[in-house]
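Single-structure report; data block below.
Note that the coordinates shown come from a computational prediction; the quantities given were computed from them, not determined experimentally.
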Amino acid sequence: MEAEGVKEKHELSRASLGRHVLNGLLLCTGDMEHLDKYMQGKLFVLQLSMWSLRGVSRVILANNPLSGFLILTALFWASPWQVLLGTLGVLASTLTAVIMGQDSTEVSGGLHGFNGMLVSLLMGVCSSAGDWYWWLLLPALYGSAACVFLSSGLSSVLDHWDVPASVFPFNIIIILYLLCTGSDNPYFPHHPATPLWNMEPNDTQLIVVEVVRGIPLGVGQIFACEALGPSLLILGAVLLYSPLLAVHALLGSAVGTLAGLSVAVRHDSLYSGLSGFNGALACMAVGGIFFTFSWKTHLFSIVSAFFSAYANIALSNLLGTLGLPACSWAATLTTTFLLLLTGNLAAYRIPTGQVMAPEHNLRSRSQWEAGNTVERESTDV
């Protein structure tokens, strides 16, 4: 009997340890609201680091500082120069928002950091001067700070329809920068984009393994990352925040790749993930971020991924005639139009100020519907 009692105690202790580990892992998922409470009253440098990490994860529609740290690790793995540019960009835009006195909730949530990071990353990718070209830090810092001004101005207009400024500032600033400098600028030269239809014809053979490899690369291309290992780590950062969001990221990238195959885009676009990243963004936005997950919104997320991928191909051909990249205009415009829709889909719309992890949004909607049902029953006569 004593041996059985000791055995039961060991089993209980193991079960208790397992619960503690599971609870610890769960604390690292989702929006990590408990961390915001813990950071109150801490040193400004620590708070700024936390806000910036959230800003990094906001690029991929997440809001988790640990996800932001994993993404920075992935970018450092791919290119230390790119992670330096991205870090300076998110810090510059976040500090600018603090100096301008922007809403503290938005600043702490990283909403003023992700556009700055994208601007600095794309300046580095488009630059033809190579890595460690220090003069590039000047336009990167200036463009990142300018995103805050543009975001603030756009928000005052878009708030009337409860539509976020999203990455409109990034898309506008990077296009203006490339138009100002030109491909032959002596200080800030960049690679001119080429229309897809103006390239050499495709090879007759399609490498299936490379096409499948391009699907996770489509997630990495959101950060202009073309390496498989870092792209998988970025996908892991999305998975840490929300498994549902990670599924939609891969699904959207696969849909974008399929759309590219259907119109015979260049094989390089399929292999590098460039055909999939706009589809991934649109699918994630509709599949659980701005709309509560259901079978209807799931189907709409697939449709939006197709529409975004085709729009990206069209915009690449249009802007490529001017030597400009299409960036993420397709996903941004597609998501904005869907947010303005009325009808059955609008019933699943989540107010912009209440957007959280998809799993949390799903629970909140279930509780809201249950509360409404109880209220209706209590008022019946």
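Tyr177 has its side chain out of reach of Val119: every pair of non-hydrogen atoms, C-beta onward, lies at least 4.5 Å apart. Counting only heavy atoms from C-beta outward, the side chains of Met356 and Glu33 approach each other to under 4.5 Å. Contact annotation: the side chain of Tyr187 never approaches that of Leu138 to less than 4.5 Å [non-hydrogen atoms, C-beta and beyond].
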Steps toward side chain to side chain contact (heavy atoms under 4.5 Å, CB included) verdict (Ile99, Val148): CA-CA 11 Å; Ile99 295 171; Val148 182; over 6 Å; no
Determine, step by step, whether Glu210 and Leu270 satisfy the side chain to side chain contact (heavy atoms under 4.5 Å, CB included) criterion, reporting the C-alpha distance in whole Å, the side-chain angles of both residues, the deciding distance to 0.1 Å, and the verdict. CA-CA 8 Å; Glu210 291 294 324; Leu270 300 174; over 6 Å; no
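Atom CD1 of Ile350 sits about 10.5 Å away from atom CG of Leu339, to the nearest 0.5 Å. Interatomic distance, OG of Ser127 versus NE2 of His190, reported as 9.5 Å (0.5 Å rounding). The distance from atom CG of Asp159 to atom OG1 of Thr352, rounded to the nearest 0.5 Å, is 7.5 Å. From Trp81, atom CH2 reaches atom CH2 of Trp132 across 6.5 Å, with rounding to the nearest 0.5 Å.
There is a side-chain donor-acceptor pair under 3.5 Å between Glu359 and Ser242.
Using cut-offs of 30° and 60° on the angle between ring planes, the pair Phe188 and Tyr133 is perpendicular.
Between the side chain of Ser144 and the backbone N or O of Ala140, at least one donor-acceptor pair lies under 3.5 Å. In this structure a side-chain-to-backbone donor-acceptor pair under 3.5 Å is present from Ser156 to Gly153. With Thr87 contributing its side chain and Leu84 its backbone, the two residues share no donor-acceptor pair below 3.5 Å. At distances below 3.5 Å, at least one donor-acceptor pair connects side-chain atoms of Ser308 with backbone N or O atoms of Asn278. Although no hydrogens or angles enter the test, the distance criterion places no donor-acceptor pair under 3.5 Å between the side chain of Glu106 and the main chain of His112.
Under the 4.5 Å side-chain heavy-atom criterion for grouping Ile, Leu, Val, Met, Phe, Trp and Tyr, Val211 is connected to Leu251 within one hydrophobic cluster.
Under the side chain to side chain contact (heavy atoms under 4.5 Å, CB included) criterion, Tyr38 pairs with Leu35, Lys42, not counting sequence neighbours. Partners of Ser166 according to the side chain to side chain contact (heavy atoms under 4.5 Å, CB included) rule, which considers only residues two or more places apart in sequence or in another chain, are Thr332. Legend: residues meeting side chain to side chain contact (heavy atoms under 4.5 Å, CB included) with Ala246, ordered by chain and number and at least two apart, are Leu235, Val238, Leu239.
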Would you give me the side-chain donor-acceptor pairs under 3.5 Å for residues 214-232, sequence neighbours excluded?
unit_1, atom_1, unit_2, atom_2, d
Gln221, NE2, Ser272, O, 2.9
Ser231, OG, Ala227, O, 2.7

Donor-acceptor pairs under 3.5 Å, side chain of residues 57-69 to any protein atom, not counting sequence neighbours: which ones?
unit_1, atom_1, unit_2, atom_2, d
Ser57, OG, Arg54, O, 2.8
Ser57, OG, Asn64, N, 3.2
Ser57, OG, Asn64, O, 3.4
Arg58, NE, Gly109, O, 2.8
Arg58, NH2, Gly109, O, 3.3
Asn63, OD1, Arg54, NH1, 3.0
Asn63, ND2, Asp31, OD1, 3.3
Asn64, OD1, Leu66, N, 2.8
Asn64, OD1, Ser67, N, 3.2
Asn64, ND2, Cys28, O, 2.9
Asn64, ND2, Gly30, O, 2.8
Ser67, OG, Ala237, O, 2.8

Quick one: side chains of residues 296-307, donor-acceptor pairs under 3.5 Å with protein atoms, not counting sequence neighbours, listed by atom name and distance.
unit_1, atom_1, unit_2, atom_2, d
Thr297, OG1, Thr292, O, 3.0
Thr297, OG1, Ser294, N, 2.8
Thr297, OG1, Ser294, O, 3.1
Thr297, OG1, Ser294, OG, 3.3
His298, ND1, His248, NE2, 3.2
Ser301, OG, His298, O, 2.4
Ser304, OG, Phe300, O, 3.2
Ser304, OG, Ser301, O, 2.7

